[in-house]
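By convention in this document, chain letters (A, B, ...) are assigned in the order of the sequence lines, proteins followed by strands, and residues within each chain are numbered from 1.
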There are 2 protein chains.
Amino acid sequence: MMAKKVTIRQVADEAGVSVTTVSQILNDKGGRFSQETRDRVLAVKERLHYVPDFNARNLILHSSKMLGVLIPDLRNPFFSSFIHGIQEYCRDATYMPMVFSANHDVKLETYYLGKLLEHSVDGLIIASASITAEAIDKLVKPLQVPYLLFDQNQIANLADRIEVDDYNGGLLAGQHLTELGHQKMAILLPANSTINVRERLRGFKAAIKQAGLPADNLTEIHADFSMKAGYEATQKVLDSNVSAVFCADDILAIGLYRGLNERGLHVPGDLSIIGYDDIDLDQYVYPRLTTIAQPVVEIGRESARLLVNRLEKPDIDRQLIKFPVKLVQRESTSVKK
Amino acid sequence: MMAKKVTIRQVADEAGVSVTTVSQILNDKGGRFSQETRDRVLAVKERLHYVPDFNARNLILHSSKMLGVLIPDLRNPFFSSFIHGIQEYCRDATYMPMVFSANHDVKLETYYLGKLLEHSVDGLIIASASITAEAIDKLVKPLQVPYLLFDQNQIANLADRIEVDDYNGGLLAGQHLTELGHQKMAILLPANSTINVRERLRGFKAAIKQAGLPADNLTEIHADFSMKAGYEATQKVLDSNVSAVFCADDILAIGLYRGLNERGLHVPGDLSIIGYDDIDLDQYVYPRLTTIAQPVVEIGRESARLLVNRLEKPDIDRQLIKFPVKLVQRESTSVKK
DNA sequence: CTGAAAGCGCTAACAT
DNA sequence: ATGTTAGCGCTTTCAG
């Protein structure tokens with residue numbers, strides 16, 4: 001069951017030096033040893049395929065060089081890209097991200113949070129909506145493991161944070177649609193949205209107001225972040241009798257596409273649709289989806305950077321990075337006829 | 001930087017017992033202690049938020065309870081679902097999967113393989129195409145870390161393995177198209193395909209033969225597994241002058257959809273398309289994609305099961321599980337006119 | 001029923 | 001330039 005590991009002692013014996021010597025040389029602290037000794041140790045290491053035991057190493061260093069990452073849904077391309085960015089940065093920083101998807105399930109999320117902590121991750125990136133303030137207070141705080149929050153903020157007055165200018169995202173979406181002449185519109189978003197999604201809504205409402213339209217021209221329709229939910233919301237959208245829909249994420253829009261398609265309806269002819277995120281897929285659906293773009297790979301990268309920075313300088317002030325969004329106009333929106 | 005951890009010693013002191021007692025009780029080996037003692041220890045543990053130090057624990061047990069998972073592309077929904085299955089099984093088995101995506105890059109793959117080993121994973125699930133036999137021989141074998149291969153087999157005579165009946169998948173695809181009357185067909189697949197993909201090709205060719213068509217009725221077109229590559233292959237497909245295309249994965253098909261769409265061509269009217277994998281997205285594109293379904297979530301689950309089984313019973317015979325595929329007929333294929 | 005003691009593989013003061 | 005020693009936090013004989 002267990003791997004027969006070569007230990008540092010064997011390398012030391014084989015090279016005819018002490019354990020210390022090997023340790024120092026292998027950790028690039030071997031300046032004080034002769035070139036000859038260093039070469040010998042390195043050679044033996046290679047020959048025996050020595051790999052240091054992280055468990056022993058971490059036990060002393062009190063660091064596992066692992067980062068825990070909690071996301072709500074691995075199957076959403078948005079988060080795949082987020083992870084992509086995190087992995088990219090972690091390679092440079094020689095950390096290993098441990099990624100878990102909680103599938104929007106509070107129980108699962110708490111489970112993974114606990115496990116991650118058990119495995120003594122050095123820090124946490126929590127990009128999960130369902131995590132509760134209590135879970136963080138109860139599990140994370142006592143261990144003093146630094147964490148960073150993304151996509152939510154009700155919890156987080158003291159933690160480092162990544163934010164996206166979601167208010168502006170909603171505003172841009174709303175301005176785009178109203179400029180196209182739409183007056184009655186719907187928004188598709190989850191029932192208990194996190195703060196970032198509520199910001200999108202707030203921005204969208206602001207645009208409606210700016211355009212001089214009455215607030216009740218906007219119909220809110222609840223749907224979870226999945227293609228299926230978007231699809232299933234189709235009838236409600238149609239019943240709401242609007243000419244344009246703002247989907248709080250792209251996945252939702254793609255689900256809605258299908259529902260409209262099955263009913264023989266045409267986008268944007270019968271209904272203009274704008275999404276949110278700008279996932280790759282947007283360019284591969286028909287019609288290509290107009291959306292609000294978030295720089296998600298960069299967001300992932302920066303999340304990791306901020307966290308690692310915090311680990312290395314525990315005492316710096318609370319960090320906050322805010323990312324801009326932009327409108328990416330494609331073919332799913334058009335002037336109201 | 002480091003978390004102030006509560007140690008077992010503090011729990012012992014607080015509870016007025018020895019370290020041994022705490023260890024035994026917390027590891028469910030406390031049968032020999034009085035109920036009273038057990039309760040007290042458990043209570044103190046709760047109160048102090050004690051979490052055992054995995055590094056110390058693993059150092060002794062020679063097991064990290066972690067599994068390394070290497071996949072080629074996290075952004076392909078097929079692999080997201082694969083991971084999903086792995087995570088599911090791992091929860092039951094109390095292992096933690098560490099997932100890394102190598103983005104079809106040999107260097108990256110070798111890097112992650114090494115890192116995973118450094119972090120002393122107990123076993124590996126390698127579902128990555130670009131991994132080389134040498135990398136496995138050089139890195140994995142000496143450490144005697146059990147591993148399981150999926151989606152390739154040239155390497156693996158002795159390792160446990162998960163296989164999918166890809167020959168049959170290709171055959172089914174070919175039979176479906178020939179039964180619809182198609183005579184000239186193309187197949188889209190990566191240039192240096194892994195064995196599983198080549199099996200799909202072999203099955204497809206067998207179907208052509210069965211149908212009494214000449215072998216050169218099939219045009220092979222190379223494209224990596226990405227939407228972009230499928231899109232970029234469009235012109236080649238059109239130049240090949242075929243009436244049907246077999247895409248070696250669904251993602252490719254969706255890319256091709258876009259290329260055809262931009263040229264005003266119609267699926268399946270102008271070209272029948274069949275994919276491979278049966279990702280969720282297939283039902284959300286227009287027309288819904290006919291495909292060969294692999295039970296990918298189950299494959300992930302079984303991969304983890306097999307590996308964990310191997311870890312627990314190191315001496316059992318080499319394990320091999322073979323999964324069936326099936327044709328899922330939707331609207332992207334039709335009779336040749 | 002409970003505890004003392006040894007030791008997992010490694011790093012880092014502190015000698016020499 | 002190199003080695004000795006102590007100890008990280010835990011599990012596990014073994015002795016009471």
Side-chain angles (χ1 to χ4, degrees), chain A residues 1-42 44-45 48-65 117-122 143-144, chain B residues 1-42 44-45 48-65 117-122 143-144:
Chain A
M1 163 175 182
M2 60 155 290
K4 262 190 222 134
K5 294 197 68 163
V6 177
T7 70
I8 196 172
R9 156 132 282 118
Q10 294 172 47
V11 176
D13 290 349
E14 194 79 9
V17 296
S18 77
V19 173
T20 306
T21 308
V22 178
S23 172
Q24 300 284 55
I25 291 178
L26 263 32
N27 289 304
D28 292 321
K29 291 172 187 166
R32 55 197 176 105
F33 299 98
S34 70
Q35 188 60 45
E36 205 258 323
T37 306
R38 282 195 299 219
D39 291 345
R40 191 147 33 90
V41 168
L42 259 5
V44 172
K45 173 207 138 140
L48 302 186
H49 297 294
Y50 170 68
V51 176
D53 186 325
F54 252 57
N55 292 133
R57 193 159 200 273
N58 299 342
L59 176 56
I60 300 169
L61 302 181
H62 294 288
S63 150
S64 60
K65 285 288 218 168
L117 260 11
E118 265 186 14
H119 282 265
S120 66
V121 291
D122 291 348
L143 297 175
Q144 294 179 227
Chain B
M1 164 174 185
M2 60 155 291
K4 262 190 223 135
K5 294 197 69 162
V6 176
T7 71
I8 197 173
R9 159 134 279 118
Q10 294 172 48
V11 176
D13 289 350
E14 194 79 7
V17 296
S18 76
V19 174
T20 309
T21 308
V22 177
S23 172
Q24 299 285 57
I25 291 176
L26 261 32
N27 289 305
D28 292 321
K29 291 171 187 164
R32 55 197 174 103
F33 299 97
S34 70
Q35 187 60 46
E36 206 258 324
T37 305
R38 284 196 298 217
D39 291 347
R40 192 146 33 91
V41 168
L42 260 5
V44 172
K45 172 207 141 145
L48 301 187
H49 298 293
Y50 170 69
V51 176
D53 184 324
F54 252 57
N55 291 133
R57 194 160 199 270
N58 299 340
L59 176 56
I60 301 170
L61 302 181
H62 294 288
S63 151
S64 61
K65 284 288 217 169
L117 259 12
E118 264 186 13
H119 281 265
S120 67
V121 292
D122 292 346
L143 296 175
Q144 293 179 228

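Rounded to whole angstrom, the span from the CG atom of A/Leu26 across to the C1' atom of C/dA12 amounts to 15 Å. A straight line from CG of B/Asn58 to C1' of C/dG7 spans 16 Å, rounded to a whole angstrom. The interatomic distance linking A/Asp13 (CG) with C/dG9 (C1') rounds to 13 Å, in whole Å. Distance A/Phe33 CZ to D/dG3 C1': 9 Å, rounded to the nearest Å. To the nearest angstrom, P of D/dC10 lies 16 Å from CG of A/Asp53. Going from atom CD1 of A/Ile25 over to atom C1' of C/dA12 covers 15 Å, rounded to whole Å. Atom CZ of B/Arg38 is separated from atom P of C/dC1 by 9 Å (rounded to the nearest Å). In this entry the distance linking CG of A/Leu59 with P of C/dG7 reads 17 Å, nearest Å.
Taking CD1 of B/Ile25 as the start and OG of B/Ser34 as the end, the distance is 7.5 Å to the nearest 0.5 Å. Atom-to-atom distance recorded for B/Ile60:CD1 and B/His62:NE2 is 9.0 Å, nearest 0.5 angstrom. Between the CD1 atom of A/Ile8 and the CG atom of A/Leu48 there is a distance of 12.0 Å, given to the nearest 0.5 Å.
In summary, of the residues considered (A/Val17, A/Val22, A/Asp13, A/Val11), a side-chain contact (heavy atoms from CB on, under 4.5 Å) with A/Val44 occurs for A/Val11 alone.
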(request) Tell me, with the steps shown, if A/Arg38 and A/Val41 meet side-chain contact (heavy atoms from CB on, under 4.5 Å). (result) CA-CA 5 Å; A/Arg38 282 195 299 219; A/Val41 168; 5.9 Å; no
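What you find for A/Ser64 and B/His119 is that their closest heavy atoms are O-CE1, 3.2 Å. The two atoms that bring A/Arg32 and A/Thr20 nearest to each other are NH2-CG2, 4.3 Å, heavy atoms only.
Terminal axes of the helix from C/dC1-D/dG16 to C/dT16-D/dA1 (five pairs each, C1' rotation axis) are separated by 40°, to the nearest 10°.
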(request) Summarise how protein sits on nucleotides 11-16 of chain D as a single string, 5' to 3': B when a protein heavy atom is under 4.0 Å from the base, S for sugar-phosphate-only contact, - for no contact. (result) BB----
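Taking only side-chain nitrogens and oxygens, B/Ser34 comes nearer than 4.0 Å to OP1 or OP2 of C/dT2.
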Which side-chain N or O atoms in residues 49-58 of chain A pair as donor and acceptor under 3.5 Å with protein atoms at least two apart or in another chain?
residue	atom	partner	partner atom	Å
A/Asp53	OD1	A/Asn55	N	2.7
A/Asp53	OD1	A/Ala56	N	3.3
A/Asn55	OD1	B/Ser120	OG	3.2
A/Arg57	NH2	A/Asn27	OD1	2.6
A/Asn58	ND2	A/Phe54	O	3.1

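Annotation: B/Lys65, atom NZ; neighbour count of heavy atoms from other residues, nucleotides and ligands within 6.0 Å is above 12.
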